[in-house]
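Chain letters run A, B, ... following the sequence lines, proteins first and then strands; every chain starts at 1. The basis for the numbers below is simple: all heavy atoms, side chains too, and nothing from hydrogens, waters or symmetry mates. Every value quoted in this text rests on a predicted model; they were computed, and no experiment measured them.
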Protein chains: 2
Amino acid sequence: MTSTDAPGTTQTQQRRPTRQRRAVAAALAGFDDFRSAQEIHDLISRQGDSVGLATVYRTLSSLAEAGEVDMLRNEDGEAIWRSCSDTHHHHLVCRTCGATVEVEGPAVERWTNAIAAEHGYADLSHTLEIFGTCPTCR
Amino acid sequence: MTSTDAPGTTQTQQRRPTRQRRAVAAALAGFDDFRSAQEIHDLISRQGDSVGLATVYRTLSSLAEAGEVDMLRNEDGEAIWRSCSDTHHHHLVCRTCGATVEVEGPAVERWTNAIAAEHGYADLSHTLEIFGTCPTCR
DNA sequence: CGTGGGTTTGACAATGGTTCTCAACATCGC
DNA sequence: GCGATGTTGAGAACCATTGTCAAACCCACG
Ligand SMILES: [Zn+2]
Ligand SMILES: [Zn+2]
Ligand SMILES: [Zn+2]
Ligand SMILES: [Zn+2]
């Protein structure tokens, strides 16, 4: 529902640097597993800042859209978030402690494209996550 | 959290064939894309049967546990369900009309296992779905 | 056929994650 | 500072999903 700008006008400057957004960024920098918005909200509180839960959701969503964080869903369907590298990758996640490893698989990427092409599907995207129990949790 | 049965006792006969379960099965047989519990509930009503929504959820869950239907989550996190073949496979789903193709990729299975082993993860599972626009929808 | 005990159901409440609302507030360019 | 516009937060609203529990149902078994 973004309104079309009048011709010539500059794209208004989104993403102002606010205290709240800095707090979310700081929280994201403080862990490397996937966490729910609630957990991130709690972490922010524990770090002394105070940010509304709605704002945490808004910030995480826009960061995800910008590709700066990855969002995926745990088995209960809850959204969980993590600051990730900006190249295309997937995840190996411990379902006990959440420890996460970023993984890449060029062959898999090629395979998904081939399969989709074979069936005439275009405009592709895919999800691929591996869950297991990490060495520490065994 | 399943209680361990007393030794010798017979595993009680689960899964009685009730009118409601037959209705859910019939509904599942009537489409081959992924649908939400609500949609399946509506379909059952439209087919003349009457089954409580909670029962639809219960039946779908147990069918999923039994491996007779696949459940995955759409981008909004809602659970969607589909009657599938009983061998391990993944899905190529049209994000416009929902048309679904079951796909298999032994190489991908091998790759996920190798990656997980390499990092010492055990007790593995994985999700892999491909989304795109099918030939008809283009 | 009855009957009894475990299973299943369904209307409804409760849960809980996520989004919406909108007035108060911060930021920016000037 | 000022006005315009983006941002926030408390709480309500949403809504998919699950829990509750008494009534209905299946299924041996006699
Ligand atoms: Zn990532
Ligand atoms: Zn990929
Ligand atoms: Zn399937
Ligand atoms: Zn697989």
Side-chain angles (χ1 to χ4, degrees), chain A residues 1-6 8-27 34-45 48-66 69-82 98, chain B residues 1-3 5-6 9-27 34-45 48-66 69 71-82:
Chain A
M1 311 305 181
T2 46
S3 58
T4 50
D5 274 14
T9 54
T10 60
Q11 170 97 352
T12 52
Q13 72 298 340
Q14 305 290 33
R15 185 139 293 286
R16 289 182 181 172
T18 66
R19 174 182 67 78
Q20 290 84 346
R21 286 172 187 172
R22 255 173 277 123
V24 172
F34 278 89
R35 305 214 181 166
S36 70
Q38 291 275 2
E39 290 170 331
I40 295 173
H41 178 254
D42 291 350
L43 182 55
I44 291 171
S45 304
D49 288 303
S50 170
V51 177
L53 181 56
T55 298
V56 173
Y57 272 106
R58 279 186 291 241
T59 304
L60 288 174
S61 300
S62 77
L63 284 175
E65 220 163 319
V69 309
D70 279 1
M71 184 268 268
L72 56 88
R73 297 190 178 271
N74 66 16
E75 293 183 359
D76 298 329
E78 290 180 273
I80 50 180
W81 318 73
R82 174 181 193 264
Chain B
M1 311 308 175
T2 48
S3 59
D5 273 16
T9 55
T10 60
Q11 170 96 354
T12 53
Q13 71 299 334
Q14 306 291 37
R15 184 137 295 284
R16 289 183 182 171
T18 65
R19 174 182 65 79
Q20 291 85 344
R21 286 172 186 171
R22 255 173 276 123
V24 172
F34 278 89
R35 305 214 180 165
S36 70
Q38 290 276 3
E39 291 170 331
I40 295 173
H41 179 254
D42 292 349
L43 181 56
I44 291 171
S45 303
D49 288 302
S50 169
V51 178
L53 181 57
T55 298
V56 173
Y57 273 105
R58 279 186 291 243
T59 305
L60 288 173
S61 300
S62 77
L63 284 175
E65 219 163 320
V69 308
M71 183 267 269
L72 57 88
R73 296 189 179 272
N74 65 19
E75 293 184 359
D76 297 329
E78 290 180 274
I80 49 180
W81 317 74
R82 174 180 192 264

Review item, side-chain donor-acceptor pairs of residues 48-59 of chain B, under 3.5 Å, at least two apart:
| unit_1 | atom_1 | unit_2 | atom_2 | d |
| --- | --- | --- | --- | --- |
| B:Thr55 | OG1 | B:Arg58 | NH2 | 3.1 |
| B:Thr59 | OG1 | B:Thr55 | O | 2.8 |

Atom pairs, protein N/O to nucleotides 2-4 of chain D N/O, distance under 3.5 Å:
none

| remark: Between CG of A:Asp76 and P of D:dC15 the distance, given in whole Å, is 21 Å

| said: Is it the case that C:dG10 (base atoms only) and B:Arg58 (side chain only) share a donor and an acceptor within less than 3.5 Å, ignoring hydrogens and angles? | reply: yes

| request: Rounded to the nearest angstrom, tell me the gap between atom CD in B:Glu75 and atom P in D:dA16. | output: 17 Å

| Looking at B:Gln38, does any N or O in its side chain come under 4.0 Å of the phosphate oxygens OP1/OP2 on D:dA16? | yes

| query | Checking all strands, does A:Ser50 fall into the base, sugar-phosphate, or nothing category for heavy-atom contacts under 4.0 angstrom? | reply | sugar-phosphate

| note | Whichever of A:Gly52 and B:Trp81 has the more 5' nearest nucleotide on DNA chain D, that residue is A:Gly52

| In Å, rounded to the nearest 0.5 Å, how long is the span from CG of A:Leu60 to CD1 of A:Ile80? | 12.0 Å

| For B:Trp81, the option from B:Leu63, B:Val24, B:Val69 that meets side chain to side chain contact (heavy atoms under 4.5 Å, CB included) | B:Val69

| Whole-Å distance separating the CD1 atom of B:Ile80 from the C1' atom of D:dA16 | 14 Å

| query | What is the distance from atom CG of B:Asp42 to atom OG of B:Ser36, rounded to the nearest 0.5 Å? | reply | 7.5 Å

| remark: Here the pair of heavy atoms bringing A:Arg21 nearest to A:Arg15 is NH1-CA, 3.4 Å

| Below 4.5 Å, heavy atoms only, C-beta onward: do A:Phe34 and A:Asn74 meet side chain to side chain? | no

| field | Candidates D:dT20, D:dT8, D:dT17 - which lies nearest the side chain of B:Leu53 | value | D:dT17

| message | Roughly what angle, to 10°, lies between the helix axis at the start of the helix from C:dC1-D:dG30 to C:dC30-D:dG1 and the one at its end, five pairs per end? | response | 30°

| task | Would you tell me if any nitrogen or oxygen in the side chain of A:Gln20 comes within less than 4.0 Å of OP1 or OP2 on D:dG9? | result | yes

| B:Val51 or A:Ser36, whichever maps to the more 5' nucleotide of DNA chain C | B:Val51

| field | Rounded distance (Å) that lies between atom P of C:dT18 and atom CD of A:Glu39 | value | 11 Å

| task | Round to a whole Å and report the spacing from NE2 of A:His41 to P of C:dT19. | result | 15 Å

| query | Is there a side-chain polar atom (N or O) of A:Thr18 under 4.0 Å from OP1 or OP2 of D:dT8? | reply | yes

| query | Would you say A:Arg73 reaches C:dG17's phosphate, i.e. side-chain N/O to OP1/OP2 under 4.0 Å? | reply | no

| message | Nearest whole Å is fine: how far is C:dG10 C1' from B:Asp49 CG? | response | 15 Å

| query | Would you say D:dT18 has OP1 or OP2 under 4.0 Å from some side-chain N or O of B:Tyr57? | reply | no

| request: For B:Arg35 and D:dA16, give me the distance from atom CZ to atom C1', rounded to whole Å. | output: 18 Å

| Protein-nucleotide distance (A:Glu78, atom CD; C:dT19, atom P), rounded to Å | 13 Å

| task | Please state whether the phosphate of D:dG9, meaning OP1 or OP2, lies under 4.0 angstrom from any side-chain nitrogen or oxygen of A:Arg19. | result | yes

| Which nucleotide in C:dC28, C:dT18, C:dC20 has an atom nearest any side-chain atom of A:Ala54 | C:dC20

| Separation between NE2 of B:His41 and CZ of B:Arg35, rounded to the nearest 0.5 Å | 15.0 Å

| message | I need the B:Arg73 CZ to A:Glu75 CD distance, nearest 0.5 Å. | response | 9.0 Å

| field | Nearest heavy-atom neighbours spanning B:Ile44 and B:Ala23 | value | CG1-O, 4.0 Å

